[in-house]
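Everything below concerns the one structure shown next.
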Amino acid sequence: MSAEPIKGPASYFPSIEKTYGRPIGEWQEIVRKRLPAKHMDLVAMLKADHGIGHGHANAIVAHVLAAERK
């Protein structure tokens, strides 16, 4: 029996780690250190300061903000 596929922002995590060479936990911590902030401001920071593509930056921010709301 196979496991359920990963859905949502977390589905991007393996690609993010491979592309940018850092564990996802480090990217999440970078975002957490900037809180509170607006979603798109955090996306823009990851893109400008770290060269992350829009989709990957959006996935990291969405995942961190969703966890903060719990």
Side-chain angles (χ1 to χ4, degrees):
M1 187 175 201
S2 65
E4 285 289 316
I6 298 172
K7 297 179 183 178
S11 67
Y12 287 89
F13 291 175
S15 177
I16 292 168
E17 290 179 334
K18 182 178 178 183
T19 302
Y20 305 104
R22 293 170 104 169
I24 198 65
E26 286 185 23
W27 294 116
Q28 292 169 329
E29 186 59 26
I30 289 168
V31 171
R32 277 192 220 81
K33 286 180 180 179
R34 298 286 183 113
L35 294 177
K38 292 182 180 180
H39 181 105
M40 290 310 295
D41 291 340
L42 294 166
V43 169
M45 176 272 300
L46 288 173
K47 290 169 62 175
D49 295 356
H50 300 282
I52 296 181
H54 182 83
H56 285 162
N58 190 58
I60 294 166
V61 171
H63 193 266
V64 168
L65 293 180
E68 291 292 316
R69 285 187 223 122
K70 289 183 180 182

Determine the minimum heavy-atom distance between Lys47 and Ala57, stating which atoms define it. CG-CB, 4.1 Å

Any chance you could lay out the side chain to side chain contact (heavy atoms under 4.5 Å, CB included) test for Tyr12 and His63, step after step, and finish with the verdict? CA-CA 10 Å; Tyr12 287 89; His63 193 266; over 6 Å; no

Hey, is CZ on Arg22 packed in by over 12 heavy atoms from elsewhere, all under 6.0 Å? yes

Which residue, Val43, Ile52, Leu46, forms the side chain to side chain contact (heavy atoms under 4.5 Å, CB included) with Asn58? Val43

CD1 (Ile60) and CD1 (Ile30) are apart, to the nearest 0.5 Å, by 8.0 Å

Are the ring centres of His50 and Trp27 closer than 6.0 Å? yes

Taking all non-hydrogen atoms of both residues into account, name the closest pair between Ala59 and Pro9 and its distance. O-CB, 3.3 Å

Give a yes or no on whether the backbone of Val64 and the side-chain of Gln28 come within a donor-acceptor separation of less than 3.5 Å. no

If hydrophobic clusters are built by linking Ile, Leu, Val, Met, Phe, Trp and Tyr wherever their side-chain heavy atoms come under 4.5 Å apart, do Ile24 and Ile6 end up in the same one? no

Can any side-chain N or O of Thr19 pair as donor or acceptor with the backbone N or O of Ile16 at less than 3.5 Å? no

